[in-house]
Amino acid sequence: MSKKDCKKHQEKKEKDTFVGGPAAWVAVMGSVEQSENEHGLTLVRLTHESGATAVVHSFGATVLSFTTAGGQDLIFCSSTALLDGSKAIRGGIPLVFPQFGQPDKRLAQHGFARNSVWQVLPEPSSVPDEFAGMCTCVLGLDNTIATHEAWPYPYRIEYFIAIGPETIVTKLMVHNSGEENFAFQSLLHTYIAIGDISATTISGLQGQSFFDKASDDPDTAKEDPDQHIEVAQYVDRIYVPPPEGLLPDPVTIVSPVGSISLSRHAQLSNSEGTKPLPADTVVWNPWAEKAAALSDLEEGGYMRMVCVEPGLVNGTIQLEPGACAALTQRISLER
Ligand code: TA6
């Protein structure tokens, strides 16, 4: 599949614009179209009134692309990614749930959410006000669609994708719809398109503690004295917030594509109200050697992407019945 196809996705256009609906549904500032790809899987195309566009694949609710009103692609999707539902999509924004990595070998690497076909929800149960003025769609997953004997809990997830002229916001809301607590991890595995990794720096994490999976002691917290991260080898770092604190926000990725801001936060809502959750941030680039082992990563693709991944992965989140944990990222091309 050519890169152009990966972005354009041969699709039959079925105009299906969500308009109106309950008063709580913000005005759709643009159009939301559903179509099917050649594998019969639903694609959702968002077109903001500014001209910004995004494509979301129902397999894994994976954002495949976001193009700003000025025509700049901010999300990297490998041109050799498999879009037939046979495996998690290589690129875009895959979703990690209910585990990060494979601590439970009975579950797939990064859990089952990115390997499941999500439903396009006609309207969300509530509309976060941060989506005002944006073109928004919501996809849903629950235990009647995807579950596993190793993680059999009743749950419901709403995943909001909202776009404005230079910004994409994605928000994962995990609800415990059962009668008992469950523990989970989640992460937005965002592939940022940066054009050339050798001309890219990542700032905003300097001085913060991280676990270095590329080192021979991945369980020892480290600090990086450098003012920003430059990637010239395999990088796989899990940055964690300070005790009782949060990681600095945003992360800024300065690259040939431009200066890209990635802001992220997490919240826990339950019967007592809503409070911040300390989110972690993963920075990953497989570099040449590990990229060679990824059959669905296009030749040299590691030079054109870097993953900056907001998540709840350092330990697990305990969610009580009726509670909701929300993880949000806001990615913007800065002027
Ligand atoms: O990005 C963090 C990470 O856990 C890396 O360790 C690497 O495994 C990456 O995810 C990609 O995982 P995947 O299963 O998509 O090949």
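Whatever order the structure lists ligands and atoms in, that order sets their numbers, starting from 1.
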Taking the six-membered ring where the residue is Trp, are the ring centres of [X] and [Y] under 6.0 Å apart?
{"X": "Phe131", "Y": "Phe160", "value": "yes"}
{"X": "Trp151", "Y": "Phe182", "value": "yes"}
{"X": "Phe100", "Y": "His110", "value": "yes"}

Problem set entry | Whether over 12 other heavy atoms sit under 6.0 Å from Gln206 CD | yes

Problem set entry | Leu187: which of Ile238, Leu172, Val96, Asp280 passes side chain to side chain contact (heavy atoms under 4.5 Å, CB included) |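 Of the listed options, the one satisfying the test is Val96.
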
Exercise. What atoms of ligand 1 come closer than 4.0 angstrom to any heavy atom of Phe100?
Worked result: 4 (O)

For this session: Record the part of Arg114 in heavy-atom contact with ligand 1 below 4.0 Å; permitted values are side chain, backbone, both and neither.
Result: side chain

Problem set entry | Non-hydrogen atoms of Leu297 and Thr80 that approach each other most closely |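 Heavy-atom minimum between the residues: C-OG1, 3.4 Å.
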
At what distance is the nearest protein heavy atom to [atom], and which residue and atom is it?
{"atom": "atom 3 (C) of ligand 1", "value": "His110 NE2, 3.8 Å"}
{"atom": "atom 8 (O) of ligand 1", "value": "Gln109 NE2, 3.6 Å"}
{"atom": "atom 2 (C) of ligand 1", "value": "Glu309 OE1, 3.6 Å"}
{"atom": "atom 9 (C) of ligand 1", "value": "His189 NE2, 3.5 Å"}
{"atom": "atom 16 (O) of ligand 1", "value": "Arg90 NH2, 3.0 Å"}

Exercise. Are side-chain heavy atoms of Phe59 and Trp118 found at a separation under 4.5 Å?
Worked result: no

For this session: Say whether Lys213, considering both its backbone and side-chain N or O atoms, lies within less than 3.5 Å of an N or O atom on ligand 1.
Result: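 Yes, since at least one N or O of Lys213 sits under 3.5 Å from an N or O of ligand 1.
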
Exercise. Going by distance only, is there an N or O of Asp236 that falls short of 3.5 Å from an N or O of ligand 1?
Worked result: yes

